[in-house]
*Asks:* 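Take this structure, written in structure tokens, and hold onto it; I'll ask about it next.
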Amino acid sequence: MDKLLIRGGNRLSGTLPISGAKNSALTLIPCALLTEEPLTLRNLPRLADIDGFQHLMGQFGVSVAIRGKRPEEFGRVVTFEASRLTSTVAPYDLVRKMRASILVLGPMLARAGEATVSLPGGCAIGNRPIDLHLKALEAMGAEIELAQGYVKAMAPDGGLPGGDFDFPVVSVGATENAVMAAALANGTTRLFNAAREPEIVDLCNLLVAMGAEIEGIGTSDLAIHGVKKLNGATYKVMADRIEAGSYACAAAITGGEVRLEGANANEMQATIHALQQIGIEVESDKAGISVAANDSLRATNLSTAPYPGLATDMQAQLMSLLCRADGTSVLKETIFENRYMHVPELNRMGADIETEGRTAIVKGVERLTGAEVMATDLRASMSLIIAALAATGETTVRRIYHLDRGYERLEEKLQLVGADIERVGDD
Ligand code: UD1
């Protein structure tokens, strides 16, 4: 298994390309199940999770053609064609590796009238139930059975009627599943308290390009008028706002200055606001965002929340940055109950962080020091890299398959802006 070696202390400067958004791609790909015609997605990031999802689509008889970009370029163009489905079952072996596989449930059910998906296993960042995915589909007329670790969803003869659902908790994935299923339902579906993350807007925009009728895009109340048939489309995946935010933190902790080419400031206002509170200068234009850490970092208090609040996927990276700020910061994680696994590892690097339930108290320290650390989940892993870039000495990050799930060619991008980072085989 590979590991990353980082020698901290280099000030990052230069330009970094921002890839297509992983979390958006993971909900755009299953839209291919909604049509017999080809769906071409551009700007798909080259990531283990995307490869896994492509493999899953193959399992259903969807043809997957990867074209275009040269290996040295970022991103790729992939055409999915689900002219005929040969299976409606997502097996445990594939789902276990990738939680987002649950996102085939809604579109498969709408297209084929039935779908069987293995229940995703436990997850390192809390329980992450799927009850809301199932309740929303039930409200639209699906019958759901749970047996032998699988969810089996069935539509009545003649297809899903559609219906109304009020989410008791904002859920990105459950909203995505419901929207995809509703697009092909017989009637209208109204979703209240729906998630309105930019990735949901990206999903709705693709569905509209495929012929769906959706009102309220970008708001928490969506009305989806089901259509008989959706057509194919060619669509560009939005920029990854979490990747951009992560590299902004990486640059800032080194006192650096980087341009995040392709990042969209409109979709990451809460992150930009947090960076500014910490004392980082942020400028944006149509083509990207520039960040510069010219002054010392300031402590601040931050709380995660559903969009347009601060993304939980930015919590760990901002925490690393706050480890080097002047003063004490208080962070609150309101989305997931167990998302502080990076804290013990950061403390091993000299940070001073205490947690109590969903609150973390971060006392800024003069110095972080390199150490051997273990990546636990995707964003937690990134927080360790960020800390390592500012630490004295060398840090070894193991279990980097987490990073390969979500950061396209991480070390190459960081090398582009002057980081001393290399991937080596484990001994
Ligand atoms: C997605 C993102 C993930 C991000 C999260 C929150 C993808 C592939 N993943 O995950 O990176 O951290 O949104 O922005 O896009 N919940 C329930 N029942 C459900 C579903 C969710 O109680 O059926 C709860 C969860 O436990 C959590 C909260 O709702 O406390 C939000 O989770 P959700 O928005 O569904 O996260 P994901 O879609 O899994």
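Counting starts at 1 for both ligands and their atoms, following the listed order. Because the structure is predicted, anything quoted here is derived from the model rather than measured.
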*Asks:* Would you tell me which option among Thr175, Ile242, Ile335, Val169 has the nearest heavy-atom contact to atom 30 (O) of ligand 1?
*Replies:*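 Looking at heavy atoms only, the winner is Ile335.
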*Asks:* Any N or O of Glu176 that comes nearer than 3.5 Å to an N or O of ligand 1?
*Replies:*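 Glu176 vs ligand 1: no N/O contact under 3.5 Å.
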*Asks:* Under 4.0 Å between a side-chain nitrogen and a carboxylate oxygen: does that hold for Glu243 and Lys22?
*Replies:*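 Between Lys22 and Glu243 there is no salt bridge, as every charged N stays at least 4.0 Å from the carboxylate O atoms.
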*Asks:* Under a 3.5 Å threshold, yes or no: a donor from one side chain and an acceptor from the other, between Ser246 and Tyr407?
*Replies:*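 There is such a pair between these side chains.
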*Asks:* Walk me through it: do His402 and Ser381 pass the test side-chain hydrogen bond (donor to acceptor under 3.5 Å, both in side chains)?
*Replies:* CA-CA 7 Å; His402 290 295; Ser381 310; 5.2 Å; no
*Asks:* Is there a heavy atom of Arg339 sitting under 4.0 angstrom from any atom of ligand 1?
*Replies:*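 Distance cut 4.0 Å: Arg339 passes for ligand 1.
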*Asks:* Tell me the contacting part of Pro129 for ligand 1: side chain, backbone, both, or neither, using a 4.0 Å heavy-atom threshold, strictly below.
*Replies:*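 For Pro129, backbone and side-chain atoms both sit under 4.0 Å from ligand 1.
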*Asks:* Under 4.0 Å, heavy-atom basis, I'd like to know which part of Lys22 is in contact with ligand 1: side chain, backbone, both or neither.
*Replies:*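 It is neither part, as no heavy atom is under 4.0 Å.
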*Asks:* Might you work through the side-chain hydrogen bond (donor to acceptor under 3.5 Å, both in side chains) test for His133 and Glu176, ending with a clear yes or no?
*Replies:* CA-CA 9 Å; His133 298 239; Glu176 290 167 346; over 6 Å; no
*Asks:* Can you name the one residue among Ile386, Ile242, Leu410 that meets side-chain contact (heavy atoms from CB on, under 4.5 Å) with Tyr247?
*Replies:*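 Answer after filtering Ile386, Ile242, Leu410: Leu410.
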*Asks:* What part of Thr312 sits under 4.0 Å from ligand 1 if we count only heavy atoms: the side chain, the backbone, both or neither?
*Replies:*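 Under 4.0 Å from ligand 1, Thr312 contributes side-chain atoms alone.
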*Asks:* Go through ligand 1 atom by atom and flag the ones less than 4.0 Å from a non-hydrogen atom of His133.
*Replies:*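 Near His133, the atoms of ligand 1 are 23 (O).
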*Asks:* Given Ile102, Leu132, Leu134, which one has a non-hydrogen atom that is nearest to atom 16 (N) of ligand 1?
*Replies:*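 Ranked by closest heavy atom to atom 16 (N) of ligand 1, first place is Leu132.
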*Asks:* Evaluate side-chain hydrogen bond (donor to acceptor under 3.5 Å, both in side chains) for His342 paired with Gln315, printing each intermediate quantity in order.
*Replies:* CA-CA 10 Å; His342 42 289; Gln315 177 255 108; 3.0 Å; yes
*Asks:* Looking only at heavy atoms, is any part of Asp313 under 4.0 Å from ligand 1, and if so is it the side chain, the backbone, or both, or is it neither?
*Replies:*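 Near ligand 1, Asp313 shows its side chain, while the N, CA, C and O stay back.
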*Asks:* Salt-bridged, Glu138 to Lys135, with N to O below 4.0 Å?
*Replies:*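 Between Lys135 and Glu138 there is no salt bridge, as every charged N stays at least 4.0 Å from the carboxylate O atoms.
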*Asks:* In terms of atom number and element, which parts of ligand 1 are under 4.0 angstrom from non-hydrogen atoms of Val172?
*Replies:*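 So the atoms of ligand 1 that pass are 1 (C), 13 (O), 14 (O), 33 (P), 34 (O), 35 (O), 38 (O).
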*Asks:* Using a strict 4.0 Å threshold on nitrogen-to-oxygen distance, state whether Glu411 and Arg423 make a salt bridge.
*Replies:*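 A salt bridge links Glu411 with Arg423.
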*Asks:* Is any N or O atom of Gly173, backbone or side chain, closer than 3.5 Å to an N or O atom of ligand 1?
*Replies:*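 Yes - when backbone and side-chain N and O of Gly173 are compared with those of ligand 1, one distance drops under 3.5 Å.
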*Asks:* Regarding Thr27 and Glu199, do their side chains bring together a donor and an acceptor under 3.5 Å, going by distance alone?
*Replies:*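 There is no such pair (donor and acceptor under 3.5 Å, judged by atom type) between the side chains of Thr27 and Glu199.
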*Asks:* So, does Val170 sit close enough to ligand 1 that a heavy atom of it is under 4.0 Å from the ligand?
*Replies:*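 Within the 4.0 Å threshold, so yes.
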*Asks:* Counting only nitrogen or oxygen atoms and a 3.5 angstrom limit, does Ser171 reach ligand 1?
*Replies:*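 Yes, since at least one N or O of Ser171 sits under 3.5 Å from an N or O of ligand 1.
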